[in-house]
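What follows is a short report on a single structure.
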Amino acid sequence: MREVSQREMVEQLRSLGVHTGGVLLVHTSFKAVRPVEGGPLGLIGALRAALGRDGTLVMPTMTDGETVFDPASTPTTDMGITAELFWRQPGVSRSTHPGGSFAAEGPDAAVICRPQPLSPPHGPDSPVGRVHDLDGQVLLLGVTQGENTTLHLAESLAKVPYSVSHPCVVEVDGVARTVMIAETDHCCRNFRLADDWLRARGLQREGNVGNADARLFDARSLVDLAMAHLSSAPLTFLCPQDAGCEECDVARTSVTGVAT
(Lines give C-alpha, C1' and ligand atoms only; values in the text may rest on other atoms or scores of the structure.)
Protein backbone atom coordinates (compact mmCIF):
# COMPACT_ATOMS: atom_id res chain seq x y z
CA MET A 1 0.00 0.00 0.00
CA ARG A 2 1.23 3.48 -0.80
CA GLU A 3 1.62 6.21 1.78
CA VAL A 4 -1.33 8.62 1.73
CA SER A 5 -0.46 12.27 2.24
CA GLN A 6 -2.03 14.42 4.93
CA ARG A 7 -3.55 16.63 2.25
CA GLU A 8 -5.17 13.60 0.61
CA MET A 9 -6.63 12.51 3.95
CA VAL A 10 -8.18 15.94 4.46
CA GLU A 11 -9.75 15.69 1.00
CA GLN A 12 -11.00 12.18 1.76
CA LEU A 13 -12.57 13.31 5.04
CA ARG A 14 -14.31 16.26 3.44
CA SER A 15 -15.47 14.15 0.50
CA LEU A 16 -16.87 11.63 2.97
CA GLY A 17 -18.94 14.41 4.53
CA VAL A 18 -17.11 15.58 7.67
CA HIS A 19 -18.64 18.93 8.64
CA THR A 20 -16.19 21.82 8.83
CA GLY A 21 -16.83 23.50 12.19
CA GLY A 22 -18.73 20.49 13.50
CA VAL A 23 -18.21 17.98 16.30
CA LEU A 24 -16.65 14.65 15.27
CA LEU A 25 -16.31 11.56 17.47
CA VAL A 26 -13.68 9.24 15.99
CA HIS A 27 -13.09 5.55 16.68
CA THR A 28 -10.06 4.33 14.74
CA SER A 29 -7.47 1.62 14.25
CA PHE A 30 -4.27 3.08 12.89
CA LYS A 31 -3.19 -0.36 11.68
CA ALA A 32 -5.98 -0.12 9.10
CA VAL A 33 -5.23 3.49 8.16
CA ARG A 34 -1.46 3.23 7.66
CA PRO A 35 0.81 4.02 5.91
CA VAL A 36 0.05 7.74 5.98
CA GLU A 37 2.20 10.83 6.04
CA GLY A 38 3.23 11.70 9.58
CA GLY A 39 1.94 8.47 11.11
CA PRO A 40 -0.74 8.72 13.82
CA LEU A 41 0.03 12.39 14.41
CA GLY A 42 -0.44 12.98 10.70
CA LEU A 43 -3.88 11.39 10.90
CA ILE A 44 -4.76 13.58 13.89
CA GLY A 45 -3.56 16.60 11.92
CA ALA A 46 -5.76 15.64 8.98
CA LEU A 47 -8.80 15.24 11.23
CA ARG A 48 -8.14 18.64 12.79
CA ALA A 49 -7.67 20.27 9.39
CA ALA A 50 -10.87 18.75 7.99
CA LEU A 51 -12.84 20.09 10.98
CA GLY A 52 -11.19 23.51 10.90
CA ARG A 53 -10.47 25.73 13.88
CA ASP A 54 -14.19 25.97 14.75
CA GLY A 55 -14.60 22.18 14.86
CA THR A 56 -14.21 19.85 17.84
CA LEU A 57 -12.43 16.49 17.60
CA VAL A 58 -13.34 13.78 20.13
CA MET A 59 -11.82 10.34 20.78
CA PRO A 60 -12.32 7.64 23.43
CA THR A 61 -9.47 7.32 25.96
CA MET A 62 -10.87 4.56 28.15
CA THR A 63 -8.79 2.77 30.77
CA ASP A 64 -8.91 -0.56 32.61
CA GLY A 65 -10.08 0.97 35.90
CA GLU A 66 -7.55 -1.06 37.89
CA THR A 67 -5.78 1.97 39.38
CA VAL A 68 -6.83 5.47 40.44
CA PHE A 69 -7.39 7.43 37.24
CA ASP A 70 -5.39 10.59 36.54
CA PRO A 71 -6.53 12.27 33.29
CA ALA A 72 -3.09 13.84 32.96
CA SER A 73 -1.10 10.61 33.10
CA THR A 74 -3.13 7.36 32.97
CA PRO A 75 -2.62 5.62 29.61
CA THR A 76 -5.52 4.29 27.58
CA THR A 77 -6.37 0.59 27.39
CA ASP A 78 -7.00 -0.98 23.95
CA MET A 79 -7.89 2.38 22.38
CA GLY A 80 -5.07 2.37 19.85
CA ILE A 81 -2.07 4.60 19.24
CA THR A 82 -4.05 7.46 17.65
CA ALA A 83 -6.25 8.04 20.69
CA GLU A 84 -3.29 7.55 23.03
CA LEU A 85 -1.31 10.25 21.25
CA PHE A 86 -4.30 12.56 20.82
CA TRP A 87 -5.05 13.07 24.52
CA ARG A 88 -1.39 13.86 25.16
CA GLN A 89 -1.30 16.77 22.70
CA PRO A 90 -1.22 20.40 23.92
CA GLY A 91 -4.65 21.96 24.20
CA VAL A 92 -6.54 18.65 24.40
CA SER A 93 -8.99 18.17 27.29
CA ARG A 94 -9.71 14.80 28.88
CA SER A 95 -12.75 13.84 30.91
CA THR A 96 -12.45 12.39 34.41
CA HIS A 97 -14.47 9.17 34.33
CA PRO A 98 -12.24 6.50 35.94
CA GLY A 99 -12.95 3.94 33.22
CA GLY A 100 -14.80 5.63 30.37
CA SER A 101 -12.89 8.83 29.68
CA PHE A 102 -12.86 10.75 26.39
CA ALA A 103 -10.56 13.46 25.04
CA ALA A 104 -11.60 16.48 22.99
CA GLU A 105 -10.06 19.51 21.35
CA GLY A 106 -11.93 22.51 20.02
CA PRO A 107 -14.58 25.05 21.08
CA ASP A 108 -16.89 22.41 22.58
CA ALA A 109 -14.17 20.41 24.36
CA ALA A 110 -14.91 21.79 27.84
CA VAL A 111 -18.61 20.95 27.53
CA ILE A 112 -17.94 17.46 26.21
CA CYS A 113 -15.36 16.66 28.91
CA ARG A 114 -17.12 18.13 31.94
CA PRO A 115 -17.71 15.76 34.91
CA GLN A 116 -20.28 13.00 34.56
CA PRO A 117 -21.94 10.35 36.74
CA LEU A 118 -20.07 7.08 37.19
CA SER A 119 -22.98 5.13 35.73
CA PRO A 120 -23.82 4.70 32.97
CA PRO A 121 -20.45 5.53 31.40
CA HIS A 122 -22.04 6.27 28.02
CA GLY A 123 -25.38 7.69 29.10
CA PRO A 124 -26.95 11.02 28.12
CA ASP A 125 -24.82 12.95 30.63
CA SER A 126 -21.50 11.71 29.25
CA PRO A 127 -19.12 12.77 26.47
CA VAL A 128 -20.96 10.52 24.01
CA GLY A 129 -24.29 11.99 25.10
CA ARG A 130 -22.94 15.53 24.71
CA VAL A 131 -21.68 14.80 21.18
CA HIS A 132 -25.22 13.64 20.44
CA ASP A 133 -26.71 16.79 21.98
CA LEU A 134 -24.35 18.95 19.91
CA ASP A 135 -25.56 17.22 16.72
CA GLY A 136 -22.14 15.69 16.18
CA GLN A 137 -20.99 13.11 13.67
CA VAL A 138 -19.41 9.72 14.32
CA LEU A 139 -16.53 8.40 12.22
CA LEU A 140 -15.62 4.71 12.30
CA LEU A 141 -12.19 4.51 10.69
CA GLY A 142 -10.85 1.03 10.17
CA VAL A 143 -13.15 -0.35 12.88
CA THR A 144 -16.68 -1.76 12.94
CA GLN A 145 -19.91 -0.78 14.63
CA GLY A 146 -18.77 -3.07 17.45
CA GLU A 147 -16.52 -0.23 18.65
CA ASN A 148 -19.28 2.38 18.39
CA THR A 149 -19.97 3.75 21.89
CA THR A 150 -22.88 5.83 20.58
CA LEU A 151 -24.91 2.62 20.43
CA HIS A 152 -24.43 2.26 24.19
CA LEU A 153 -25.97 5.74 24.46
CA ALA A 154 -28.98 4.46 22.51
CA GLU A 155 -29.27 1.51 24.90
CA SER A 156 -29.20 3.88 27.86
CA LEU A 157 -31.84 6.20 26.38
CA ALA A 158 -34.01 3.21 25.44
CA LYS A 159 -33.69 1.89 29.01
CA VAL A 160 -32.81 -1.65 27.93
CA PRO A 161 -33.44 -4.18 30.73
CA TYR A 162 -29.91 -5.58 30.98
CA SER A 163 -27.03 -4.19 33.03
CA VAL A 164 -23.67 -5.63 34.05
CA SER A 165 -21.47 -4.13 36.78
CA HIS A 166 -17.68 -4.04 36.65
CA PRO A 167 -15.18 -3.08 39.38
CA CYS A 168 -13.37 0.21 39.05
CA VAL A 169 -10.91 1.93 41.38
CA VAL A 170 -11.86 5.48 42.42
CA GLU A 171 -10.43 7.88 44.95
CA VAL A 172 -12.78 8.90 47.77
CA ASP A 173 -11.47 11.43 50.31
CA GLY A 174 -7.93 10.59 49.28
CA VAL A 175 -8.42 6.84 49.69
CA ALA A 176 -8.48 4.38 46.77
CA ARG A 177 -11.64 2.27 46.78
CA THR A 178 -13.17 -0.24 44.41
CA VAL A 179 -16.73 0.48 43.32
CA MET A 180 -19.03 -1.40 40.95
CA ILE A 181 -20.07 0.56 37.86
CA ALA A 182 -23.16 -0.62 36.00
CA GLU A 183 -23.28 -0.44 32.22
CA THR A 184 -25.00 -2.04 29.24
CA ASP A 185 -22.21 -4.50 28.57
CA HIS A 186 -22.22 -7.46 26.15
CA CYS A 187 -20.13 -8.71 23.21
CA CYS A 188 -21.38 -5.91 20.89
CA ARG A 189 -21.29 -8.17 17.81
CA ASN A 190 -24.90 -7.31 17.00
CA PHE A 191 -24.03 -3.62 16.86
CA ARG A 192 -23.25 -4.52 13.22
CA LEU A 193 -27.01 -4.33 12.60
CA ALA A 194 -26.62 -0.56 12.64
CA ASP A 195 -24.89 -0.69 9.26
CA ASP A 196 -28.04 -2.13 7.66
CA TRP A 197 -30.32 0.36 9.43
CA LEU A 198 -28.28 3.36 8.33
CA ARG A 199 -27.64 2.13 4.78
CA ALA A 200 -31.31 1.37 4.18
CA ARG A 201 -32.12 5.04 4.80
CA GLY A 202 -29.08 6.50 3.09
CA LEU A 203 -27.77 7.87 6.39
CA GLN A 204 -24.28 6.35 6.31
CA ARG A 205 -21.51 7.69 4.11
CA GLU A 206 -18.80 5.16 3.23
CA GLY A 207 -15.42 5.49 1.60
CA ASN A 208 -11.72 5.46 2.42
CA VAL A 209 -9.54 7.59 4.64
CA GLY A 210 -5.89 6.74 4.37
CA ASN A 211 -5.99 3.04 3.54
CA ALA A 212 -8.91 2.23 5.84
CA ASP A 213 -12.60 1.71 5.24
CA ALA A 214 -14.54 4.61 6.77
CA ARG A 215 -18.15 5.01 7.88
CA LEU A 216 -19.62 8.41 8.75
CA PHE A 217 -23.07 9.22 10.16
CA ASP A 218 -24.87 11.64 12.44
CA ALA A 219 -25.03 10.58 16.08
CA ARG A 220 -28.69 11.61 16.32
CA SER A 221 -29.70 9.60 13.25
CA LEU A 222 -28.04 6.49 14.63
CA VAL A 223 -29.56 6.89 18.09
CA ASP A 224 -33.04 7.46 16.68
CA LEU A 225 -32.84 4.31 14.56
CA ALA A 226 -31.41 2.17 17.34
CA MET A 227 -34.00 3.36 19.85
CA ALA A 228 -36.80 2.52 17.42
CA HIS A 229 -35.56 -1.06 17.17
CA LEU A 230 -34.89 -1.38 20.90
CA SER A 231 -38.34 -0.09 21.79
CA SER A 232 -39.94 -3.11 20.11
CA ALA A 233 -37.15 -5.63 20.76
CA PRO A 234 -35.08 -4.58 23.81
CA LEU A 235 -32.67 -7.53 23.49
CA THR A 236 -31.83 -6.80 19.83
CA PHE A 237 -28.13 -6.34 20.54
CA LEU A 238 -27.70 -9.54 22.57
CA CYS A 239 -26.63 -12.80 20.94
CA PRO A 240 -29.29 -15.56 20.97
CA GLN A 241 -29.36 -17.68 24.11
CA ASP A 242 -28.05 -20.75 22.24
CA ALA A 243 -25.14 -18.88 20.60
CA GLY A 244 -22.67 -19.75 23.35
CA CYS A 245 -21.76 -16.11 23.95
CA GLU A 246 -20.75 -15.79 27.59
CA GLU A 247 -20.89 -11.98 27.65
CA CYS A 248 -24.41 -11.83 26.26
CA ASP A 249 -25.53 -14.68 28.53
CA VAL A 250 -24.39 -12.63 31.54
CA ALA A 251 -26.35 -9.65 30.24
CA ARG A 252 -29.45 -11.86 29.74
CA THR A 253 -29.16 -13.17 33.27
CA SER A 254 -29.36 -9.62 34.58
CA VAL A 255 -32.80 -9.21 33.04
CA THR A 256 -34.65 -11.79 35.14
CA GLY A 257 -32.02 -13.27 37.42
CA VAL A 258 -31.63 -16.38 35.28
CA ALA A 259 -30.47 -16.89 31.71
CA THR A 260 -33.28 -16.32 29.21
Side-chain angles (χ1 to χ4, degrees), residues 1-60 79-83 85-86 89 91-92 102-109 112 127-128 130-151 153 191-226:
M1 293 183 290
R2 71 177 183 88
E3 181 178 272
V4 179
S5 72
Q6 188 168 331
R7 180 177 178 178
E8 287 179 280
M9 286 190 286
V10 174
E11 293 173 351
Q12 289 172 325
L13 288 161
R14 289 179 174 164
S15 177
L16 192 65
V18 169
H19 294 159
T20 301
V23 175
L24 181 67
L25 170 56
V26 178
H27 297 273
T28 186
S29 168
F30 186 70
K31 289 180 181 179
V33 178
R34 68 185 183 186
V36 297
E37 180 186 4
L41 290 177
L43 172 59
I44 293 169
L47 291 164
R48 285 168 159 164
L51 285 166
R53 64 178 58 191
D54 294 327
T56 301
L57 178 60
V58 187
M59 293 188 195
M79 294 292 102
I81 187 61
T82 307
L85 288 175
F86 175 59
Q89 300 309 299
V92 176
F102 282 71
E105 180 189 26
D108 292 308
I112 290 168
V128 173
R130 292 161 196 157
V131 169
H132 171 270
D133 290 346
L134 291 164
D135 199 17
Q137 296 176 296
V138 179
L139 174 64
L140 304 179
L141 186 52
V143 299
T144 69
Q145 295 284 355
E147 284 70 49
N148 186 359
T149 51
T150 302
L151 287 168
L153 170 65
F191 276 3
R192 63 190 175 187
L193 295 169
D195 281 328
D196 295 333
W197 302 339
L198 290 163
R199 287 168 179 157
R201 292 160 179 80
L203 297 173
Q204 180 164 272
R205 302 284 297 271
E206 300 184 33
N208 291 96
V209 175
N211 291 286
D213 293 331
R215 299 174 176 88
L216 180 74
F217 43 86
D218 294 341
R220 290 181 180 177
S221 296
L222 174 66
V223 169
D224 288 347
L225 284 171

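These numbers come from a predicted model, not from an experiment. The figures here come from the full heavy-atom set of this structure, side chains too, leaving out hydrogens, waters and symmetry mates. Heads up: numbering here begins at 1 and tracks the sequence.
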**Message:** Under a 3.5 Å threshold, yes or no: a donor from one side chain and an acceptor from the other, between Thr150 and His132?
**Reply:** no
**Asked** Closest approach of Gly142 and Ala32, non-hydrogen atoms and distance?
**Response** CA-CB, 3.7 Å
**Request:** To the nearest 0.5 Å, tell me how far Lys31 NZ sits from Asn211 CG.
**Result:** 15.5 Å
**Message:** Taking CZ in Arg7 as the centre, count heavy atoms belonging to other residues, nucleotides or ligands within less than 6.0 Å. Is the count above 12?
**Reply:** no
**Prompt:** How far apart are the C-alpha atoms of Asn148 and Arg215, what are their side-chain angles, what is the distance that settles it, and do they pass the side chain to side chain contact (heavy atoms under 4.5 Å, CB included) test?
**Reply:** CA-CA 11 Å; Asn148 186 359; Arg215 299 174 176 88; over 6 Å; no
**Message:** If I compare all heavy atoms of Leu16 with all of Gly207, which pair ends up nearest, and what's the gap?
**Reply:** CD1-N, 3.6 Å
**Prompt:** With a 4.5 Å limit on heavy-atom distance, are the side chains of Leu41 and Gln89 in contact?
**Reply:** yes
**Asked** Which atoms form the tightest heavy-atom contact between Val36 and Gly210, and what is the distance?
**Response** CG1-CA, 3.9 Å
**Asked** Is any side-chain heavy atom of Leu43 less than 4.5 Å from a side-chain heavy atom of Leu141?
**Response** yes
**Prompt:** Measuring from Ile112:CD1 to Glu105:CD, what's the distance to the nearest 0.5 Å?
**Reply:** 11.5 Å
**Message:** To the nearest 0.5 Å, what is the distance between CG on Leu198 and CG on Asp218?
**Reply:** 9.5 Å
**Prompt:** Hey, are the side chains of Gln204 and Asp195 touching, using non-hydrogen atoms and a 4.5 Å cut-off?
**Reply:** yes
**Request:** List the steps and the verdict of side chain to side chain contact (heavy atoms under 4.5 Å, CB included) for Leu216 and Gln137.
**Result:** CA-CA 7 Å; Leu216 180 74; Gln137 296 176 296; 3.6 Å; yes
**Message:** What I'd like to find out is whether the side chain of Phe191 reaches to under 4.5 Å of the side chain of Thr144, using heavy atoms alone.
**Reply:** no
**Request:** Answer whether the closest heavy-atom distance between the side chains of Trp197 and Leu203 falls below 4.5 Å.
**Result:** no
**Request:** Enter the distance from Arg53:CZ to Thr20:OG1 here, rounded to the nearest 0.5 Å.
**Result:** 13.0 Å
**Minimum heavy-atom distance Ala46-Met9, with the two atoms named** = CB-CB, 3.7 Å
**Asked** Just how far is it from atom CG of Leu24 to atom CZ of Arg48, taken to the nearest 0.5 Å?
**Response** 13.0 Å
**Stepwise side chain to side chain contact (heavy atoms under 4.5 Å, CB included) test for Met59 and Ile44** = CA-CA 10 Å; Met59 293 188 195; Ile44 293 169; 4.2 Å; yes
**Asked** From Asp213 CG over to Asn208 CG, what is the distance, rounded to the nearest 0.5 angstrom?
**Response** 5.5 Å
**Message:** Using the rule given for side chain to side chain contact (heavy atoms under 4.5 Å, CB included), can you reason through Val26 versus Thr82, listing the C-alpha separation, both sets of side-chain angles and the distance that settles it, and then say yes or no?
**Reply:** CA-CA 10 Å; Val26 178; Thr82 307; over 6 Å; no
**Message:** Could you tell me if the side chain of Val131 sits less than 4.5 Å from the side chain of Phe102, heavy atoms only?
**Reply:** no
**Request:** Give a yes or no answer on whether the side chain of Arg34 reaches the backbone of Pro40 with a donor-acceptor pair at less than 3.5 Å.
**Result:** no
**Message:** Looking at Glu3 and Pro35, would you say the former's side chain and the latter's main chain have a donor-acceptor pair under 3.5 Å?
**Reply:** no
**Message:** Using every non-hydrogen atom in the two residues, find where Pro60 and His27 come nearest and quote the distance to one decimal.
**Reply:** CG-ND1, 3.6 Å
**Prompt:** Do Gln145 and Phe217 come close enough that some side-chain heavy atom pair is under 4.5 Å?
**Reply:** yes
**Prompt:** Do you know which two heavy atoms are closest between Gly106 and Thr56, and how far apart they sit?
**Reply:** C-OG1, 3.5 Å
**Asked** Are any of the side-chain nitrogens in Arg199 or Glu206 under 4.0 Å away from the carboxylate oxygens of its partner?
**Response** yes
